Amino acid sequence: MKEIKKQFKNPFIFGIDACLGGYHQIGSIILTKGPFSPGEAMNKSLPELGDYHLKAVVNYLDPLLPKQSLNETRLDTVMNLAKITTRIIVKSLK
């Protein structure tokens, strides 16, 4: 982020991340205005990022065992949501 802000004056940052969420949200792609907090589900304190962001919900967040939720995430779910997200971005740029 420091390098981007050095090179560009007032850059527009669009963040994209996979996340854990509610059971009913698995497979959803959510567009939100404002930054996202990477590593939040794992209780990591990382800087917020983005003016807007897309989040793909790849698995359920078990609040008692967040690492287990992450470890049990199916790669197929991640890959399918990545493909859909890519299509959304490509279509929006046309």
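Since the structure is predicted, the reported quantities are computational estimates derived from the model, not experimental observations. Along the sequence shown, residues are numbered consecutively beginning with 1.
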*Among all residues two or more places apart in sequence or in another chain, which pass the salt bridge (Lys or Arg N to Asp or Glu O under 4.0 Å) test with Lys33?*
none
*asked:* Considering only residues two or more places apart or on different chains, which pairs with a residue in residues 85-94 satisfy side chain to side chain donor-acceptor pair (under 3.5 Å)?
replied: none
*asked:* Can you pull out every side chain to side chain donor-acceptor pair (under 3.5 Å) where at least one residue sits in residues 6-32? Sequence neighbours excluded, please.
replied: Glu3-Lys6
*side chain to side chain contact (heavy atoms under 4.5 Å, CB included) with Leu81: which residues, sequence neighbours excluded?*
Ile29, Ala56, Val58, Thr77
_Using only atom types and a distance under 3.5 Å, with no angle test, would you say the side chain of Ser69 pairs donor to acceptor with the backbone of Asp62?_
yes
*Could you identify which residues cluster with Phe8, counting Ile, Leu, Val, Met, Phe, Trp and Tyr as linked when any side-chain heavy atoms lie under 4.5 Å apart, either directly or through a chain of such contacts?*
Met1, Ile4, Ile13, Phe36, Leu49
I'd like to check the side-chain hydrogen bond (donor to acceptor under 3.5 Å, both in side chains) partners of [X]; sequence neighbours left out, ordered by chain and number.
X     : result
Lys44 : none
Asp76 : Asn80
Glu40 : none
Thr73 : Asn59

*Group every Ile, Leu, Val, Met, Phe, Trp and Tyr by side-chain heavy-atom contacts under 4.5 Å, then state whether Ile88 and Val78 land in the same group.*
yes
Can you tell me how far [atom2] of [Y] sits from [atom1] of [X], rounded to the nearest 0.5 angstrom?
X     : Y     : atom1 : atom2 : result
Leu20 : Lys55 : CG    : NZ    : 11.0 Å
Cys19 : Ile30 : SG    : CD1   : 6.0 Å
Ile16 : Leu31 : CD1   : CG    : 10.5 Å
Leu54 : Ile84 : CG    : CD1   : 12.0 Å

_Contact between Asp51 and Phe14 at the side-chain level, heavy atoms closer than 4.5 Å - yes or no?_
no
For a quick test of reading the model, state the closest non-hydrogen atom pair linking [X] to [Y] and the distance between them.
X     : Y     : result
Pro38 : Pro47 : CD-O, 3.4 Å
Met42 : Pro66 : CE-O, 3.1 Å
Pro11 : Lys5  : CG-CG, 4.3 Å
His53 : Gly34 : ND1-O, 2.7 Å

